[in-house]
Amino acid sequence: MKYMQMALEEAKKAARIGEIPVGAVIVKGDEVIASGYNLRETKQNALCHAEVLAIEEACEKLGSWRLTDCDLYVTLEPCLMCTGAILNARLRRVYFGAYDDKMGSLAGGNTLFQDYCFQTPVEVYGGMMEQECLALLKAFFAHARGELL
C-alpha cells in the first residue's frame, strides 16, 4: 500500500498540471528507484506515459535495461505501449490500481501480455487502492468537462 500511495501522489502531480492523473513508482528491494507521472500534453510526446518515464529513469539509475528485480506500482492498468515496455524491461511484478476497460492490456481482452508472459513471466496484481485511483481519475475528467461531482 505504501508504494501505491506514492504512485497516487505522482498521479496528483500530473493532475495539478492538467495531465491525466496516472503515476508510477519502481521499487527494488525496499527502495524506490524511480517515479513518473503522465507528461504527454506537457511534452507533446505520445511516449510520455508515467510507466515509460519511470522505466526510463530506473534503467538510467541501474545502468541496465533489465529490471528483473524490480516491481512497478501504477495507478491505472497499463496500456498496450506501456505493457510492451514492462515486458521488455523484464519487470518482476506489476501492481496497478484502477482497471482500464478501454485501453488496459494486462487484465483486459488484449492477449499480448498473456502470450508473451510464457517467455518472460511477470506477476500482475490489479485493484490496489482502486477506489482512490478511480476517484482521482473521475474528478479530473469531471473537472475537464466542467461537471460537478
Side-chain angles (χ1 to χ4, degrees), residues 1-108 110-117 119-141 144:
M1 291 293 212
K2 171 174 89 169
Y3 299 122
M4 186 57 76
Q5 182 62 47
M6 294 171 85
L8 200 52
E9 292 304 316
E10 291 295 311
K12 289 175 184 176
K13 291 178 187 177
R16 283 195 289 273
I17 61 170
E19 294 279 355
I20 294 175
V22 177
V25 297
I26 295 180
V27 178
K28 182 173 183 172
D30 290 330
E31 178 187 1
V32 173
I33 61 167
S35 62
Y37 54 89
N38 278 358
L39 288 172
R40 204 168 46 167
E41 294 296 333
T42 301
K43 294 196 174 201
Q44 288 298 298
N45 184 330
L47 303 176
C48 289
H49 287 206
E51 303 94 311
V52 171
L53 296 172
I55 288 170
E56 183 178 22
E57 182 180 326
C59 291
E60 287 177 14
K61 183 168 185 174
L62 297 178
S64 175
W65 61 269
R66 291 178 186 88
L67 304 177
T68 54
D69 295 330
C70 299
D71 300 330
L72 171 69
Y73 292 78
V74 61
T75 57
L76 182 65
E77 180 181 359
C79 70
L80 188 57
M81 175 185 71
C82 293
T83 296
I86 289 163
L87 293 170
N88 278 293
R90 310 289 198 265
L91 283 156
R92 179 176 56 183
R93 292 184 199 106
V94 175
Y95 300 89
F96 69 87
Y99 288 85
D100 185 345
D101 294 335
K102 293 180 184 174
M103 297 296 287
S105 66
L106 294 182
N110 188 302
T111 62
L112 168 75
F113 181 73
Q114 289 83 6
D115 295 345
Y116 196 83
C117 273
Q119 299 168 12
T120 307
V122 177
E123 295 175 38
V124 176
Y125 304 92
M128 288 189 67
M129 295 181 65
E130 182 176 14
Q131 294 310 310
E132 294 91 332
C133 295
L134 274 175
L136 184 59
L137 287 161
K138 286 180 180 180
F140 174 82
F141 286 112

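These numbers come from the heavy atoms of this one structure, side chains and all, not from hydrogens, waters or symmetry mates.
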Heavy-atom closest pair, residues [X] and [Y]:
X	Y	answer
Ala50	Gly36	CB-O, 3.7 Å
Phe140	Glu19	CE1-O, 3.2 Å
Glu51	Val22	OE1-CG1, 4.3 Å
Arg92	Asp69	NH2-O, 3.6 Å
Thr83	Pro78	OG1-O, 3.8 Å
Met128	Cys133	O-SG, 4.2 Å

Rounded to the nearest 0.5 Å, what separates atom [atom1] in [X] from atom [atom2] in [Y]?
X	Y	atom1	atom2	value
Lys13	Ser35	NZ	OG	5.5 Å
Ile20	Leu136	CD1	CG	11.5 Å
Asn45	Leu39	CG	CG	9.5 Å
Glu130	Met4	CD	CE	10.0 Å
Leu8	Lys12	CG	NZ	5.0 Å
Cys79	Met81	SG	CE	4.5 Å

Min side-chain heavy-atom separation [X]-[Y] under 4.5 Å:
X	Y	result
Phe96	Val124	yes
Leu137	Leu76	yes
Val74	Cys82	no

Would you call the rings of Tyr73 and Tyr95 parallel, tilted or perpendicular if under 30° counts as parallel and over 60° as perpendicular?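 Ring orientation of Tyr73 relative to Tyr95: parallel.
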For the pair [X] (side chain) and [Y] (backbone), establish whether a donor and an acceptor sit closer than 3.5 Å, ignoring hydrogens and angles.
X	Y	answer
Tyr3	Asp30	yes
Asn38	Arg40	no
Glu123	Arg93	no

Taking NZ, NE, NH1 and NH2 as the nitrogens, is one of them in Glu31 or Lys28 under 4.0 Å from a carboxylate oxygen of the other?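 No, Glu31 and Lys28 are not salt-bridged.
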